[in-house]
Amino acid sequence: MKYDFAKIEKKWQEYWEGNATFKTDIDRSKKKLYVLDMFPYPSGAGLHVGHPEGYTATDIYCRFERMRGLNVLHPMGWDAFGLPAERFAMQTNIHPRLTTEQNISTFRRQIKMLGLSYDWSREVNTTDPQYYKWTQWIFLKLYDSWYDSRIQRAMPIETLENELENHGTKKLGLSDSFGPEAWISKSRKEKHDFLAAFRLTYVSEVPVNWCEALGTVLANEEVPEWTEKGYTVERRPMKQWMMRITAFAERLLQDAEGLDWPASTLEMQRNWIGKSEGAEIEFPIKGDKRRIKVFTTRPDTVFGATFMVLAPEHPFVSAITSIDCRSKVQQYQSQSSKKSDIERGAEKEKSGVFTGAYAINPASKKEIPVWVADYVLMRYGTGAIMAVPGQDERDWEFAESYSLDILRTIQPPAEFEGKAYLGDGPAINSGFLNELHVEDAKSKISEWLEQNGVGRRVVTYKLRDWLFSRQRYWGEPIPIVHLEDGTMKPLAENDLPLELPELEKFQPSGTTESPLALATDWVNVVDRETGMKGRRETNTMPQWAGSCWYYLRYIDPHNVGEFCNREKEKDWMPIDLYIGGAEHAVLHLLYSRFWHKVLYDLGYVSTKEPFMKLRHQGTILGEDSRKMSKSRGNVINPDDIVAQYGADSMRLFEMFMGPLEDVKPWSTKGVEGVYRFLNRVWRLYVAEDGSLDLSLADVQPSTQLQRLFHQTVKKVSEDIASLRFNTAISQMMIFVNEATKMNQRPRTLMEQFVLLLSPFAPHLAEELWQKLGHTKSLAYERWPVFEPEKAIEETIEIVLQVNGKVRSRVQVPINTAEPDLVELALKDENVRKHLDGGRIARKVVVKNKLVNIVVEK
RNA sequence: GCCCGGAUGGCGGAAUUGGCAGACGCGCUAGCUUCAGGAGCUAGUGUCGGCAACGACGUGCAGGUUCAAGUCCUGUUCCGGGCACCA
């Protein structure tokens, strides 16, 4: 008879819910543990088998640590703003709120059917006005802050205003310097515009990826996702909200070092931030007062700079271009402006045009031509380079195409046959740098540049400011009003949340504004304070916004006065374990680290970093080892698996498939395997008629079974702690295989085994626990204690080798002395056969492991 | 192109520090049970040879270090992921 998982699972899910078994409150008598899952976007497709993988892993970990006496915070919620619901609304005119609510209901039902021990009283939903009130509040905190680079901290914008009133810009180290009187005499609008350049969130005209069909801009990192789906994305300059994440580049880089994260994820974040150290060098333009600033990581090669290249968008281009080159340059500029970065990169041959202008190489004093080419990017460094073809492959390629001078300034090794030489070597053709190797030459030239006022050491980052606005309806409204005098005004805190207006239709506005622009009653306002007419910001926030801080809201989800109480925050933060997909390795995990640091600087959170330990669950492939997709017809629906084998089997199988972080294929046969295992467990305890099996007896366990049990306690405990669930399960299988062979099973030990199994198969375990006579949930029972003395083997098998090959095995008492082991080996018949009368050159003995006799023949 | 990660039976995978390769599960084979199918139970299952004892070979490939290598070193091939004109 099979155990009735459907009945049992329903029963215990109702029990846990009815008894609020997993409701968590602060309990300072216990050590805290905060375990977080990346909350899902509730798509219309319902839960995917990939979701339960991470969720089961954290659930096992939480159940285990609860039984070991920790106070565990383990919440779940919904990342529910997003484009799919809005696109569905465009097609059907069904309000995205309705779609979202339905999807959430499905997800909630599916997640609950897995028996995960969440504290559901803490559920959050990013689309709930009571939640996004605080997303908007944090937005305003960023708006009302600036980054004081002198102390490397975000500070309230008032501190900047105070400083300007008292000292002007003197201490800020700006090129545009003025005194306090000048500040005070500025108009309201002038002050507003000046401060805007410092705020952590600001509006800027930037070239963006505009998608006409979606009616919105996309972040660079979102572009591939939509172009793959067949949408067209074009570049155009638009006014957009930005977040000054670049101010935090160094801290995001530095603080990542102390995190227990997968090395690959840390590496990706490092690459994304893209720190590079080098120098800025200024090149005077012949016949022009301006100087072209370049960034280079190889200032030591400056003597080899035989031409310069400006990005097509560089502000100097039109000014320095000679009359006869003008039309070609302009044509080139307009061509490039239409191309996206991806298109530019896709071109095989580098293109460019001569401006007719010349610059002076500050080191060699030679006149060098200035070109425009789109292999130089405006957004990186200074948007201009000194081209050093001798030591740079791109510059070499360009020089070859346009017959420009190539001068080696590093001596390549004699056997070097390539073009540009990037390696180390003595400097040549480089005046006072000659014979110095790269590192020394870098130091010397940097000093020289600084002394001569033509350059200085600098550090640059690839990281760009975060494009924060979207032209969508289904996102958090940005709580800003544009007043008729051209200034912006943030909403007061008690005017939050700024709720989304109701709309008749969810079509794009037809302009570059979001559909919110069509809600005229909502958009047009009069400022209470000044009486000025104003227009609400119609952009909304990107989906990342809500997920940037949700982990803080879980700590205090119903607080109406604060986003999160400070004392509670101190009690629970930081997050001890965070599990989610590797696809969020950079974006979500970098954006939330950024917001967290702002909140830290402003004194709202107590830790520098939110997520101390991070792991990714690996993708689950279809049974055919290909990515699951509808079109391939290899999608596994968790509902079907749970209906057929039960949630415990689903959980157990997903953990048994292999290491958590690995990519691994689904196997229905494999689910059957763990289902058989659970049935075997059931039959160890329950007779055919449903009563407790008679084989359970109040007898002393045999030493062998007791030993195996304690080995199992050790292995399962260690494996859960290190998230190696697959091997923990196989150890339990070994135990069950042994226990099955016995006619009488010691009851106390078998009870303890139920506890070991309970984090993995909680419904089955609860049912067995109850059948064993217990009246309440085992969720807070004490985890079985490993007793080393009970796990020790009395006898042990020793491997006998001759010349490293196993020739025999013997059973000996544990810790048998080494000489005795040698003696045993030499007496062994098969060993003697292989010694074959040869001279014994060496005897290697490893205690409790092996003897290896080395013979020469 | 660059940077990470990986490669172990028919399949998923296991193997603290170099110390019995293949735990556990799937599949397969045989037997018991059953009217039958299924389920359950028992035994076997890396390859080759052998009734067996046992022997040879065996962790992508080629070398090396070592008494001993899946594990360490050098080179190489393939697969997966990320980045990609970042000066």
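Values below: all heavy atoms of this structure, side chains included; hydrogens, waters and symmetry mates excluded. Here is the naming used below: chain letters follow the sequence lines, and residue numbers restart at 1 for every chain. Everything numeric in this text was worked out from a predicted model, so none of it was measured.
Spacing between C20(B) and U16(B) at atom P, rounded to whole Å, works out to 10 Å. Rounded to whole Å, the separation between the C1' atoms of G49(B) and G12(B) comes to 30 Å.
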Quick one: what's the B/S/- string for nucleotides 41-49 of chain B, heavy-atom cutoff under 4.0 Å, read 5' to 3'? S--------

Using a cut-off of 4.0 Å between protein heavy atoms and nucleotide atoms, how would you tag nucleotides 66-77 of chain B 5' to 3' with B, S and -? -B----------

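In this structure, the ring pair (Phe, Tyr, Trp, His ring centres under 6.0 Å) partners of F354(A), at least two apart in sequence or on a different chain, are Y358(A), W371(A).
Here CG of N361(A) is found 12.5 Å from CZ of F307(A). Values are rounded to the nearest 0.5 Å.
When each of G13(B), C85(B), A87(B) is scored by its nearest atom to the side-chain atoms of T296(A), the top-ranked nucleotide is A87(B).
For the residue pair S276(A) / Y380(A), a side-chain donor-acceptor distance below 3.5 Å is found, with atom types taken as modelled. Judged by distance alone, the side chains of Y375(A) and E397(A) never bring a donor and an acceptor atom under 3.5 Å apart.
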Within the sub-3.5 Å range, which N or O atoms of nucleotides 55-60 of chain B have a protein N or O partner, and how far apart are they?
residue	atom	partner	partner atom	Å
G55(B)	OP1	N830(A)	ND2	3.2
G55(B)	OP1	H834(A)	NE2	3.2
A56(B)	OP1	R807(A)	NH2	3.3
A56(B)	OP2	R807(A)	NH1	3.0
C57(B)	OP2	K805(A)	NZ	3.1

Quick test: give all pairs of protein nitrogen or oxygen and nucleotides 29-34 of chain B nitrogen or oxygen below 3.5 Å, distance rounded to 0.1 Å.
none

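For residues 822-832 of chain A, the side-chain hydrogen bond (donor to acceptor under 3.5 Å, both in side chains) pairs, not counting sequence neighbours, are S808(A)-D828(A). Within the structure, the side-chain hydrogen bond (donor to acceptor under 3.5 Å, both in side chains) test picks out the following pairs touching residues 580-590 of chain A (sequence neighbours left out): Y578(A)-H588(A).
Here the side chains of I798(A) and V812(A) are in contact, with some heavy-atom distance below 4.5 Å. Here the side chains of R408(A) and Y421(A) are in contact, with some heavy-atom distance below 4.5 Å. L614(A) has its side chain out of reach of I579(A): every pair of non-hydrogen atoms, C-beta onward, lies at least 4.5 Å apart.
With a glycosidic angle no more than 90° from 0, G9(B) adopts the syn conformation.
Contacts between residues 711-719 of chain A and RNA chain B, defined by a heavy-atom separation under 4.0 Å, are absent. Of the residues in residues 721-728 of chain A, those lying under 4.0 Å from RNA chain B by heavy-atom distance are N726(A), T727(A).
In this structure, Q391(A) contributes its side chain and T409(A) its backbone to a donor-acceptor pair below 3.5 Å.
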Exercise answer: donor-acceptor pairs, residues 813-822 of chain A side-chain atoms, under 3.5 Å, sequence neighbours excluded:
residue	atom	partner	partner atom	Å
N815(A)	OD1	N848(A)	ND2	2.9
T816(A)	OG1	P813(A)	O	2.5

Identify all side-chain donor-acceptor contacts of residues 651-660 of chain A below 3.5 Å with residues at least two apart in sequence or on another chain.
residue	atom	partner	partner atom	Å
R651(A)	NE	F760(A)	O	3.0
R651(A)	NH1	D59(A)	OD2	2.9
R651(A)	NH1	L114(A)	O	3.1
R651(A)	NH1	G115(A)	O	3.1
R651(A)	NH2	D59(A)	OD2	2.8
R651(A)	NH2	P759(A)	O	2.7
E654(A)	OE1	E53(A)	N	3.0

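The aromatic rings of Y3(A) and Y675(A) are tilted relative to each other, their planes meeting at an angle between 30° and 60°.
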Watson-Crick and G-U pairing of RNA chain B, under 3.5 Å, as dot-bracket with | and [ ]: (((((((..(((......[....)))((((((.......))))))((((....))))..(((((..]....))))))))))))....

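Atom CD of E393(A) sits in a sparse spot, with 12 or fewer heavy atoms from other residues, nucleotides or ligands closer than 6.0 Å.
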